[in-house]
Amino acid sequence: MSKIKIAELFYSIQGEGRYMGVPSVFLRTFGCNFKCQGFGMPRGELSTEADNINPTKYNDYKMLPLVSTGCDSYASWDPRFKDLSPMLTTDAIVERIMEILPYGEWRDEHIVITGGEPLLGWQKQYPDLLSHPKMRGLKEITFETNGTMRLTKSFRDFLTAWKQPPLGMACDREITFSVSAKLPCSGEPWDDAIKPDVVCAYEEVGTVYLKFVISTEQDFSDAECAIAAYRKAGFKGHVYLMPVGGVESVYSLNNKNVALLAMKHGLRYSDRLQVPLFKNEWGT
Ligand code: SF4
């Protein structure tokens, strides 16, 4: 039986992108190919905020401090926090999902497979999870990805087949890739982070949209260059601008400006509802 290292598994409302407001199970896998230590920092500087958190003081995600710079889900990939993330069998994951769904079965909820980077290490294991008999009623999946990991052929084939609804399901199943492409403000090099051909290949499997985290005019100018590169490669999906801000004080400084910027350029605005609603605490 397959096992997946799970950083968090919780039930909440999707706060970002296409499914904003939809009740969702969040499956946060452990591991990422990036660190994104540049978020919230002056250009060229890297945050050490998470580095200064002592992992030995915490035995539960819910107790971990929030950070206002760097990656706001640092514990889902930083090896220093790996012991907070158990390796669970797909059966155990499904049992936990059934416990947290309000009716103990899939109704209108969707699943968000997030990270870390969920397409980094677990593509082989997801078919076991998604084929489990108790997952039969699931109709919609979102992968929240940084858009740098290619789908393996076998996982792509599996997802294509999964979209065919099982007997008795009235509507089609949907797969979405919410691609949060990392601009230079993340601290990650452009050539590592902007992979148009990888993202275009997701469009063969499901609906794909790009989501750029914006804090300054420079970020928007970088986003425009990235959008041009994705379009040149044939990307057809929507583009969202989303305000930076893992904590409320930072988020509320620029959410309206980013909304106005999105309007001005005919792009979509994504909020981060988890920040005003739940303070972006772990498990929300
Ligand atoms: S890609 Fe996402 S999870 Fe990975 S370090 Fe960057 S913000 Fe964090």
Side-chain angles (χ1 to χ4, degrees), residues 4-10 12 14-17 26-41 43 45-53 55 61 64-82 84-85 112-123 142-151 176-196 198-199 202 208-215 219 222-223 226 230 240-247 250-251 258 270 272 274-275 280-284:
I4 304 176
K5 194 165 175 63
I6 299 298
E8 291 188 289
L9 177 52
F10 58 92
S12 188
Q14 172 59 292
E16 305 174 2
F26 288 80
L27 182 71
R28 189 187 298 288
T29 59
F30 187 86
C32 188
N33 53 327
F34 287 160
K35 293 186 173 173
C36 297
Q37 286 175 288
F39 281 137
M41 299 295 290
R43 188 75 44 143
E45 292 183 26
L46 299 179
S47 169
T48 53
E49 201 179 336
D51 295 345
N52 294 328
I53 298 168
Y61 265 84
L64 285 169
L66 303 178
V67 293
S68 56
T69 56
C71 169
D72 63 0
S73 41
Y74 59 91
S76 68
W77 52 263
D78 184 337
R80 296 181 312 131
F81 297 89
K82 69 180 187 330
L84 294 181
S85 301
V112 183
I113 302 184
T114 186
E117 170 46 54
L119 299 177
L120 174 65
W122 311 110
Q123 293 189 37
T142 295
F143 291 96
E144 288 187 335
T145 171
N146 60 29
T148 60
M149 293 290 125
R150 285 183 195 284
L151 296 179
T176 300
F177 294 84
S178 169
V179 178
S180 182
K182 302 304 176 217
L183 296 173
C185 61
S186 68
E188 299 298 330
W190 182 277
D191 288 346
D192 293 346
I194 306 300
K195 302 275 189 191
V198 172
V199 169
Y202 299 160
V208 186
Y209 63 86
L210 290 164
K211 195 173 62 178
F212 292 101
V213 176
I214 302 291
S215 149
D219 294 342
D222 291 338
Y230 287 106
Y240 289 76
L241 302 185
M242 187 169 83
V244 76
V247 293
V250 177
Y251 155 85
V258 173
S270 170
R272 310 168 77 107
Q274 66 276 27
V275 179
N280 205 26
E281 287 171 357
W282 294 93
T284 63

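Both ligands and their constituent atoms are indexed starting at 1 by order of listing. FYI, side chains are in, hydrogens and waters are out, and symmetry mates aren't considered; it's all heavy atoms of this structure. Note that the structure is a prediction, hence the values are computed from the model and not measured.
Taking the six-membered ring for Trp and thresholds of 30 and 60 degrees, F81 and Y74 have ring planes more than 60 degrees apart, a perpendicular arrangement. Ring planes of F26 and F10: parallel class, angle under 30° (limits at 30 and 60°).
A salt bridge links D219 with R43: at least one charged nitrogen is closer than 4.0 Å to a carboxylate oxygen.
Sorted by chain and number, the protein atoms of type N, O or S within less than 2.8 Å of atom 6 (Fe) of ligand 1 are C36 SG.
The distance from ligand 1 to the heavy atoms of G116 drops below 4.0 Å at these ligand atoms: 3 (S).
Nearest heavy-atom pair across V213 and C185 is O-SG, 4.2 Å.
D192 and N33 share no donor-acceptor pair across their side chains, judged by distance under 3.5 Å alone.
Within 6.0 Å of the NZ atom in K5, the count of heavy atoms belonging to other residues, nucleotides or ligands exceeds 12.
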